[in-house]
Amino acid sequence: QVQLVESGGGLVQPGGSLRLSCAASGSIFSINVMGWYRQAPGNQRELVADITSGGSTNYADSVKGRFTISRDNAKNTAYLQMNSLKPEDTAVYYCKAIIRKSPLTAFSQYWGQGTQVTVSS
């Protein structure tokens, strides 16, 4: 079965940096899109950034210039480098991947369990 595991979350002061990782494992033929979403208590889950298999990226306006998404296709891993962190970045960050398990099946959506990011002094 496909599994997504996030790591790298934690507590950081405003202006600090964190690097999140998302590793996909299991039965995988190809991964189309990998992305990061976040959800704060009482808020809807929102897209932070995503990246296609070809390397095209998309960012929420609130993180442009501060966050960078990347991926290592050989390792089936996506990263989110977060710099100049602000208190409003505090949320649970979730990894999402669109994965094809075989060339005879359709793409399906998978989610990680989430990792907490807290930005506070």
Side-chain angles (χ1 to χ4, degrees):
Q1 297 297 322
V2 172
Q3 183 179 23
L4 302 180
V5 179
E6 300 106 328
S7 62
L11 174 64
V12 65
Q13 293 184 338
S17 298
L18 285 173
R19 183 175 177 86
L20 306 183
S21 298
C22 172
S25 62
S27 181
I28 298 173
F29 175 72
S30 64
I31 303 177
N32 187 346
V33 180
M34 300 189 77
W36 290 95
Y37 293 71
R38 67 186 181 188
Q39 186 169 23
N43 293 345
Q44 291 188 313
R45 189 171 299 185
E46 64 176 356
L47 173 69
V48 177
D50 60 23
I51 182 168
T52 69
S53 59
S56 297
T57 58
N58 180 53
Y59 296 93
D61 288 341
S62 59
V63 307
K64 286 181 179 178
R66 300 188 297 121
F67 292 9
T68 302
I69 189 170
S70 61
R71 64 190 285 175
D72 185 336
N73 291 330
K75 297 180 179 180
N76 289 331
T77 300
Y79 306 93
L80 186 68
Q81 178 66 47
M82 304 185 293
N83 299 326
S84 301
L85 283 162
K86 304 174 181 179
E88 50 262 46
D89 295 318
T90 296
V92 177
Y93 284 70
Y94 297 90
C95 180
K96 175 186 174 182
I98 308 300
I99 295 174
R100 193 175 189 174
K101 298 181 70 174
S102 85
L104 300 178
T105 60
F107 286 94
S108 296
Q109 177 179 290
Y110 297 88
W111 290 92
Q113 81 289 342
T115 184
Q116 177 71 46
V117 172
T118 302
V119 184
S120 176
S121 60

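Predicted, not measured: the structure shown is a model, and the values here were computed from it.
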Legend entry - For Y94 against G112, the heavy-atom pair lying closest together: CD2-O, 3.7 Å

Legend entry - Pairing residues for Q109 by the side chain to side chain donor-acceptor pair (under 3.5 Å) criterion, not counting sequence neighbours: K96

Legend entry - Pairs satisfying disulfide bond (SG atoms under 2.5 Å apart), at least one member in residues 8-102, at least two apart: C22-C95

Inset, instruction - Could you tell me whether the side chain of Y59 reaches within less than 4.5 Å of the side chain of I69, counting heavy atoms only? - result: yes

Legend entry - Sub-4.5 Å side-chain heavy-atom contact between Q3 and Y110: no

Legend entry - Contacts of type salt bridge (Lys or Arg N to Asp or Glu O under 4.0 Å), residue R71, not counting sequence neighbours: none

Inset, instruction - Just jot down the side chain to side chain donor-acceptor pair (under 3.5 Å) partners of S17, sequence neighbours excluded, or say none. - result: N83

Inset, instruction - Would you check if the distance from the ring center of W111 to the ring center of Y37 is below 6.0 Å? - result: yes

Inset, instruction - Among residues two or more places apart or on two chains, list those pairs meeting disulfide bond (SG atoms under 2.5 Å apart) that have a residue in residues 30-71. - result: none

Inset, instruction - Enumerate the residue pairs fulfilling salt bridge (Lys or Arg N to Asp or Glu O under 4.0 Å) with a member in residues 99-121, sequence neighbours excluded, ordered by first and then second residue. - result: none

Inset, instruction - Could you check if a side-chain atom of V117 sits within less than 4.5 angstrom of a side-chain atom of L20, using non-hydrogen atoms only? - result: yes

Inset, instruction - Find out if a path of hydrophobic residues (ILVMFWY) with successive side-chain heavy-atom gaps under 4.5 Å connects M34 to I28. - result: yes

Legend entry - Minimum side-chain heavy-atom gap T68-L80 below 4.5 Å: no

Inset, instruction - Can you measure from OG (S70) to CD1 (I51) and round to the nearest 0.5 angstrom? - result: 6.5 Å

Inset, instruction - List in chain and number order the residues that pass ring pair (Phe, Tyr, Trp, His ring centres under 6.0 Å) with Y79, two or more places apart in sequence or in another chain; answer none if no residue qualifies. - result: none

Inset, instruction - Using modelled atom types only, decide if a donor and an acceptor are shared between the side chain of R45 and the backbone of Q39 within a distance under 3.5 Å. - result: no

Legend entry - Worked check of side-chain contact (heavy atoms from CB on, under 4.5 Å) between Y93 and E6: CA-CA 9 Å; Y93 284 70; E6 300 106 328; over 6 Å; no

Legend entry - Pairs touching residues 26-42 that satisfy salt bridge (Lys or Arg N to Asp or Glu O under 4.0 Å), sequence neighbours left out: R38-E46, R38-D89

Inset, instruction - Compare all side-chain heavy atoms of M82 with those of R66 and state whether any distance is below 4.5 angstrom. - result: no

Legend entry - Residues forming a side-chain contact (heavy atoms from CB on, under 4.5 Å) with V12, sequence neighbours excluded: L18, L85, V119

Legend entry - Pairs flagged by side chain to side chain donor-acceptor pair (under 3.5 Å) wherever residues 18-35 is involved - sequence neighbours left out: R19-Q81

Legend entry - Connected via hydrophobic side-chain network under 4.5 Å: F67 and W36: yes

Legend entry - Considering all heavy atoms, the nearest I31-A97 contact: CG2-CB, 4.3 Å

Legend entry - Pair listing, disulfide bond (SG atoms under 2.5 Å apart) test, anchored in residues 23-67, at least two apart: none

Inset, instruction - Mind checking side-chain contact (heavy atoms from CB on, under 4.5 Å) for S121 and listing every partner two or more places apart, or none if nothing turns up? - result: P14

Inset, instruction - Using a 4.5 Å cut-off on heavy atoms from C-beta on, say whether the side chain of N58 contacts that of L47. - result: yes

Legend entry - Heavy atoms from other residues, nucleotides or ligands near CD of Q1 exceed 12 (cutoff 6.0 Å): no

Legend entry - Flag, side chain of S120 to backbone of T118, donor-acceptor distance under 3.5 Å: no

